[in-house]
Amino acid sequence: MAENDIVILDSLSIASPKNFNVWNALGLAHNSKQDYAKATIAFERAIAIDPENGRTMMRMGIAQINNGDIGGGFKTLLEAKKTNTVNTTSIQAFPVYQKIKDDKRVAQLFPSNEEFRDPFVEETKVIHEWVGEAEGDQFQWIARNIGDVNNDGIADMVTSAPTNDEGGNNAGKIYVYSGIDGKQLWSATGVIENGQCRYRC
């Protein structure tokens, strides 16, 4: 982002001090310039306007950690988690994670055993439960009703493991399961050929 853009956003923040979008954009602008102190201030002003915006809270927490305020960053990230509007486990995808991955407080950003025990908002009955083949496969990243594949009168399900390595690095794998008893009907493994992923059954 150009320095002129920050100047414009600064002017807008003065003209519209209660505009969440302006403060959020200013925080992102400072963040892109790695000016984490100013990014934190801008995000804080945005959150004051929209206290339940978990995404901006998470951005602020990351900026705080990048600015050396590890304790403050964790506090903000936990507040973001409480809003139930952002997935704080995605912190793993950010470079800042390398700074905190060995900190015991990281575990608090992930669902607790109690949260895993009843993860549904609405009353839900679990009919089938499946387990992935390997850690890191992102098994069940997406699941869909695929219709009645085996002609037993019950709709079946397809799901994926996009980072399964069986057919090559992150080649992926898909699975089809019976809707009546949960048994696996078939699977297709991704294969990397000429830099592109194809599937084999």
Side-chain angles (χ1 to χ4, degrees), residues 1-124 126 135-144 159-160 162-163 170:
M1 180 170 285
E3 193 65 39
N4 189 50
D5 294 331
I6 293 178
V7 172
I8 292 171
L9 287 168
D10 272 327
S11 298
L12 288 172
S13 70
I14 294 170
S16 303
K18 295 184 179 181
N19 189 315
F20 168 85
N21 292 324
V22 169
W23 287 110
N24 189 56
L26 186 57
L28 291 170
H30 285 306
N31 199 59
S32 70
K33 292 289 186 180
Q34 298 184 3
D35 190 339
Y36 302 119
K38 288 183 179 178
T40 297
I41 293 170
F43 287 139
E44 191 171 28
R45 293 293 298 270
I47 293 166
I49 298 166
D50 184 0
E52 294 300 311
N53 195 301
R55 181 175 294 183
T56 299
M57 280 187 196
M58 187 163 177
R59 288 170 178 159
M60 177 177 161
I62 291 171
Q64 287 173 293
I65 292 169
N66 278 323
N67 198 45
D69 184 7
I70 307 296
F74 270 112
K75 182 179 179 181
T76 303
L77 289 171
L78 289 173
E79 287 299 315
K81 181 184 175 185
K82 288 178 185 177
T83 67
N84 291 318
T85 63
V86 67
N87 178 10
T88 52
T89 67
S90 65
I91 190 77
Q92 298 171 95
F94 292 85
V96 73
Y97 184 67
Q98 298 305 313
K99 297 181 180 181
I100 61 171
K101 64 180 182 179
D102 296 324
D103 194 300
K104 292 180 180 179
R105 291 170 289 187
V106 168
Q108 298 175 56
L109 302 178
F110 291 78
S112 64
N113 290 336
E114 185 62 32
E115 289 170 317
F116 267 127
R117 195 168 291 118
D118 185 16
F120 306 105
V121 175
E122 300 173 341
E123 186 175 341
T124 304
V126 177
E135 184 177 353
D137 277 4
Q138 299 186 76
F139 180 66
Q140 292 191 15
W141 180 259
I142 294 175
R144 294 285 186 269
T159 190
S160 64
T163 50
N170 290 340

Rounding to 0.5 Å, atoms CD1 (Ile62) and OG1 (Thr76) come to a distance of 11.0 Å
For Phe43 and Leu26, run side chain to side chain contact (heavy atoms under 4.5 Å, CB included): C-alpha distance rounded to whole Å, both residues' side-chain angles, the deciding distance at 0.1 Å, then the answer. CA-CA 8 Å; Phe43 287 139; Leu26 186 57; over 6 Å; no
Q. Have Asn170 and Thr163 got a donor and an acceptor in their side chains that come within less than 3.5 Å?
A. no
Item to check | Heavy atoms from other residues, nucleotides or ligands near NZ of Lys99 exceed 12 (cutoff 6.0 Å) | outcome: yes
| said: Let's go through Asn31 and Arg59 carefully: what are the C-alpha distance in whole Å and the side-chain angles of both, what is the deciding distance for side chain to side chain contact (heavy atoms under 4.5 Å, CB included) to 0.1 Å, and is it a yes or a no? | reply: CA-CA 9 Å; Asn31 199 59; Arg59 288 170 178 159; over 6 Å; no
Smallest heavy-atom separation, Pro111 atom then Thr89 atom, equals CD-CG2, 3.8 Å
For Pro17 and Ile49 the tightest heavy-atom approach is O-CD1, 3.7 Å
Distance col, row Met60:CE vs Asn53:CG, nearest 0.5 angstrom, shows 12.5 Å
Nearest heavy-atom approach of Ala39 to Gly27 is CB-O, 3.5 Å
**Asked** Judged by atom type as modelled, is there a donor-acceptor pair below 3.5 Å linking the side chain of Asp137 to the main-chain atoms of Phe139?
**Response** no
key: Residues Asp103, Arg105: salt bridge by 4.0 Å N-O rule   = yes
Between the CG atom in Asp69 and the NZ atom in Lys75, the distance rounded to the nearest 0.5 Å is 10.0 Å
Donor-acceptor contact present, side-chain Lys81 to main-chain Phe110, <3.5 Å
yes
Practice task
Tell me yes or no: between the side chains of Asn19 and Ser16, is some donor less than 3.5 Å from an acceptor?
Solution key: no
For Val106 and Tyr97 the tightest heavy-atom approach is CG1-CE1, 4.0 Å
When every non-hydrogen atom of Thr159 is compared with those of Gln140, the smallest separation belongs to OG1-CA, 3.0 Å
(Q) Looking at Thr85 and Gly54, would you say the former's side chain and the latter's main chain have a donor-acceptor pair under 3.5 Å? (A) yes
The reported gap from CG in Asp50 to CZ in Arg55 (rounded to nearest 0.5 angstrom) is 12.0 Å
Let's go through Ile142 and Arg144 carefully: what are the C-alpha distance in whole Å and the side-chain angles of both, what is the deciding distance for side chain to side chain contact (heavy atoms under 4.5 Å, CB included) to 0.1 Å, and is it a yes or a no? CA-CA 7 Å; Ile142 294 175; Arg144 294 285 186 269; 3.5 Å; yes
Any non-hydrogen side-chain atom of Leu109 less than 4.5 Å from a side-chain atom of Leu78?
yes
Notebook entry, point to check: Backbone N or O of Val7 within a donor-acceptor pair of the Ser11 side chain at under 3.5 Å?
Noted result: yes
- Find out whether Thr56 and Phe20 are in side-chain contact, i.e. whether some heavy atom of one side chain is under 4.5 Å from a heavy atom of the other. yes
Test your reading of the model: is there a side-chain donor-acceptor pair from Trp23 to the backbone of Ser13, 3.5 Å cut-off? no
For Ile6 and Ala29, the nearest pair of non-hydrogen atoms, with its separation, is CG1-CB, 3.7 Å
Exactly one candidate in Thr83, Leu77, Thr88 meets side-chain contact (heavy atoms from CB on, under 4.5 Å) with Met57; the answer is Thr83
Review point. Would Ile91 and Met58 count as a side chain to side chain contact (heavy atoms under 4.5 Å, CB included) if you check the C-alpha gap in whole Å, the side-chain angles of each, and the deciding distance to 0.1 Å?
Key: CA-CA 9 Å; Ile91 190 77; Met58 187 163 177; 4.1 Å; yes
